[in-house]
Asks: 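Take this structure first; my questions come after.
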Amino acid sequence: QVQLVESGGGLVQPGGSLRLSCTASGGTYARYNLAWFRQAPGREREFVIGHGWSGDISTYADSVKGRFTISRDKANVNKVNLQMNRLTPADTAIYYCAARDPPRYTSKSADEQDHWGRGTQVTVSA
């Protein structure tokens, strides 16, 4: 069973930056595609960004293009780092890490994810 653990959330002012990390463990595959979703109060969970299980392909939601980037940790292929820049109050949400099992192409659908982390709160406020 794949376990996902997120870290790095917190409170930041508008225009600021935060970095989140997600580490996957316990699975049977050497490398998983890992994605981030977020859910704001009263809204559905939405796709943010994902990193493919093969190669170095990133997939972005339009709302974060140019502001968020995702990268694999060089020391652990099952750890991804989400760098969030130029944050706005609209980015306030609980951020969840997700994985598909077995690993395959990044899906923007929450229903197609097989494993979820517990989430980490990101609050953007002055």
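Residue numbers count from 1 along this sequence. Quick caveat: nothing in here was measured; it's all calculated off a predicted structure.
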Asks: Starting at CD1 of Ile70, measure out to CG of Leu34 and round the result to the nearest 0.5 Å.
Replies: 7.0 Å

Asks: Do you know the tightest heavy-atom contact between Arg100 and Tyr105?
Replies: NH1-O, 2.9 Å

Asks: Quick check for you: to the nearest 0.5 Å, what is the distance between Cys22 atom SG and His51 atom NE2?
Replies: 12.5 Å

Asks: Examine distances only and state if a side-chain atom of Asp91 and a backbone atom of Thr88 form a donor-acceptor pair shorter than 3.5 Å.
Replies: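 Yes, because the side chain of Asp91 sits within donor-acceptor range (under 3.5 Å) of the backbone of Thr88.
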
Asks: State the CG-OG1 distance between Leu87 and Thr92, to the nearest 0.5 angstrom.
Replies: 8.5 Å

Asks: Evaluate the side-chain contact (heavy atoms from CB on, under 4.5 Å) criterion for residues His115 and Gln3: first the C-alpha distance (whole Å), next the side-chain angles of each, then the deciding distance (0.1 Å), finally the verdict.
Replies: CA-CA 7 Å; His115 303 288; Gln3 295 180 330; over 6 Å; no

Asks: For the residue pair Ala93 and Gln121, what are the closest heavy atoms and their distance?
Replies: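 In this case the closest contact between Ala93 and Gln121 is O-NE2, 3.4 Å.
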
Asks: Answer yes or no: is there a donor N or O on one side and an acceptor on the other, between the side chain of Glu112 and the main chain of Lys108, under 3.5 Å?
Replies: no

Asks: Looking at Pro14 and Ala126, what are the two nearest heavy atoms and their distance?
Replies: CD-N, 3.6 Å

Asks: First locate atom OG of Ser71, then atom NZ of Lys79, and finally report the distance between them rounded to the nearest 0.5 Å.
Replies: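 It is 10.0 Å, given to the nearest 0.5 Å.
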
Asks: Pick out which of Asn85, Leu82, Asn81 makes a side chain to side chain contact (heavy atoms under 4.5 Å, CB included) with Arg19.
Replies: Asn81

Asks: State whether Arg104 and Asp114 are salt-bridged, where the test is any N-O pair (Lys NZ or Arg NE/NH1/NH2 against Asp/Glu carboxylate O) under 4.0 Å.
Replies: yes

Asks: Strictly distance-based, threshold 3.5 Å: is any side-chain N or O of Arg86 a donor or acceptor partner for the main-chain N or O of Gly66?
Replies: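 Yes, the answer is positive, given that a donor and an acceptor are paired below the 3.5 Å cut-off.
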
Asks: With respect to Tyr32, which candidate in Val80, Leu4, Val77, Val2 satisfies the side chain to side chain contact (heavy atoms under 4.5 Å, CB included) definition?
Replies: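 In the set Val80, Leu4, Val77, Val2, the residue that makes a side chain to side chain contact (heavy atoms under 4.5 Å, CB included) with Tyr32 is Val2.
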
Asks: Check for a donor-acceptor pair, side chain of Glu6 on one end and backbone N or O of Cys97 on the other, with a separation under 3.5 Å.
Replies: yes

Asks: Does the distance from a Lys or Arg side-chain N to an Asp or Glu carboxylate O, for Glu46 and Arg38, drop under 4.0 Å?
Replies: yes

Asks: What is the ring orientation for Phe37 with Phe47, classed by angle as parallel under 30°, tilted 30 to 60°, or perpendicular over 60°?
Replies: perpendicular

Asks: Determine yes or no for a side-chain-to-main-chain donor-acceptor pair under 3.5 angstrom, with Thr120 supplying the side chain and Gly9 the backbone.
Replies: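 Yes: the side chain of Thr120 pairs with the backbone of Gly9.
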
Asks: Measuring from Asp101:CG to Gln113:CD, what's the distance to the nearest 0.5 Å?
Replies: 11.0 Å

Asks: Would you kindly confirm whether Val48 and Trp116 end up in one hydrophobic cluster when ILVMFWY residues are joined by side chain heavy atoms under 4.5 Å apart?
Replies: no

Asks: Please assess Val122 against Leu20 for the test side-chain contact (heavy atoms from CB on, under 4.5 Å), listing each intermediate value before the final yes or no.
Replies: CA-CA 9 Å; Val122 171; Leu20 306 183; 4.1 Å; yes

Asks: With a distance cut-off below 6.0 Å to the six-membered ring centre and an angular limit of 45° from the axis, does Arg45 pair with Tyr96 as a cation-pi contact?
Replies: yes

Asks: Does Ser21 reach the main-chain N or O of Ser7 with its side chain, forming a donor-acceptor pair under 3.5 Å?
Replies: no

Asks: Say you draw a straight line from CD1 of Ile94 to CZ of Arg118; how long is it, rounded to the nearest 0.5 Å?
Replies: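 Here the interatomic distance stands at 13.0 Å.
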
Asks: For a 4.5 angstrom cut-off between non-hydrogen side-chain atoms, does Arg31 reach Arg72?
Replies: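 Arg31 reaches Arg72 side chain to side chain.
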
Asks: Step by step, would you call Thr23 with Asn76 a side-chain contact (heavy atoms from CB on, under 4.5 Å)?
Replies: CA-CA 8 Å; Thr23 302; Asn76 182 352; 3.8 Å; yes

